[in-house]
Amino acid sequence: MNTEADDKTLKADSPAWPMVGGVLAAIGASLCCAGPFVLLMLGISGSWISTLAAFDPFRPYFIVLVVGLFLWAGWKVYRPLGQCRPDGFCSVADNRRRYRMVFWLTSLIAAMLVSSPYWLVWLMA
């Protein structure tokens, strides 16, 4: 039985889950480099900020996680209509278009976060 609350919750086959996970993994990947920069820009300082550099060895794992989650989300967003369930999110054209826009927006944000160690050096110089 469908209720109003069921319609507003994210379904298990929704591509929103891997997109959110991808952005969170991108934040984890940029924690060592962009984290101290963002904290300093917010006026937060202290010697503890240097401990964020300890996350640098985990950066490649976070990047692999970001790429994997966004590949999964891209497959869910761009899969053929024949693979969609009749009551699934991708059976409605407006949902597909909306999820594609959100997919590319979150991909851009994740790419900016993952590549932040390279462009932050150029920005700060």
Side-chain angles (χ1 to χ4, degrees):
M1 178 173 199
N2 271 347
T3 63
E4 189 70 27
D6 289 339
D7 294 338
K8 293 185 180 181
T9 58
L10 287 175
K11 302 213 187 291
D13 68 338
S14 171
W17 292 112
M19 283 189 267
V20 168
V23 170
L24 290 176
I27 290 171
S30 68
L31 194 59
C32 67
C33 311
F37 177 72
V38 170
L39 290 174
L40 289 174
M41 294 298 288
L42 292 174
I44 301 170
S45 64
S47 62
W48 64 272
I49 291 178
S50 65
T51 61
L52 293 176
F55 289 102
D56 195 36
F58 301 108
R59 186 169 154 63
Y61 301 113
F62 280 119
I63 291 173
V64 168
L65 187 61
V66 168
V67 170
L69 286 171
F70 274 102
L71 285 174
W72 183 28
W75 175 80
K76 284 181 168 238
V77 168
Y78 283 99
R79 66 180 152 187
L81 283 174
Q83 293 182 354
C84 293
R85 293 187 322 205
D87 62 339
F89 80 94
C90 60
S91 60
V92 180
D94 287 339
N95 287 348
R96 289 176 66 91
R97 185 173 47 250
R98 188 177 315 119
Y99 272 113
R100 286 178 180 171
M101 289 182 349
V102 170
F103 170 74
W104 286 110
L105 179 67
T106 55
S107 297
L108 178 67
I109 291 170
M112 287 177 54
L113 286 170
V114 167
S115 66
S116 65
Y118 308 107
W119 59 266
L120 277 178
V121 173
W122 175 77
L123 185 68
M124 303 266 302

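For this chain, numbers begin at 1 and follow the sequence in order. Note that these values count all heavy atoms, side chains included, but never hydrogens, waters or copies made by symmetry.
- A continuous path of Ile, Leu, Val, Met, Phe, Trp and Tyr side chains, each step under 4.5 Å between heavy atoms, connects I44 with F55, placing both in one hydrophobic cluster.
- Side-chain N or O atoms of W72 include none that pairs as donor or acceptor with a backbone N or O of P15 at under 3.5 Å.
- Atom CD1 of I63 is separated from atom OG of S30 by 9.5 Å, given to the nearest 0.5 angstrom.
- The side-chain contact (heavy atoms from CB on, under 4.5 Å) test with V67 singles out one residue from V64, L65, L71, and that residue is L71.
- Atoms NZ and CZ, on K76 and F103 in that order, are 12.5 Å from each other to the nearest 0.5 Å.
- Atom-to-atom distance recorded for F62:CZ and L24:CG is 10.0 Å, nearest 0.5 angstrom.
- Applying the side-chain hydrogen bond (donor to acceptor under 3.5 Å, both in side chains) test to residues at least two apart or on different chains, the pairs with a partner in residues 100-109 are Y78-W104.
- The minimum heavy-atom distance linking L113 with A26 is given by the pair CB-O, 3.8 Å.
- Closest approach of G22 to V66, counting heavy atoms only: O-CG2, 3.5 Å.
- Of the possible donor and acceptor atoms, none in the side chain of R59 sits under 3.5 Å from a partner among the backbone N and O of G28.
- Contact detail for A29 and V114: the closest heavy-atom pair is CB-CG2, 4.3 Å.
- Note on M101: it does not cluster hydrophobically with V77, by side-chain heavy-atom contacts below 4.5 Å among ILVMFWY residues.
- Tracing side-chain contacts under 4.5 Å through hydrophobic residues (I, L, V, M, F, W, Y), one never reaches L108 starting from W119; they form parts of separate clusters.
- A distance of 8.0 Å separates CZ in R96 from CZ in R79, rounded to the nearest 0.5 Å.
- Note on L105: it clusters hydrophobically with V102, by side-chain heavy-atom contacts below 4.5 Å among ILVMFWY residues.
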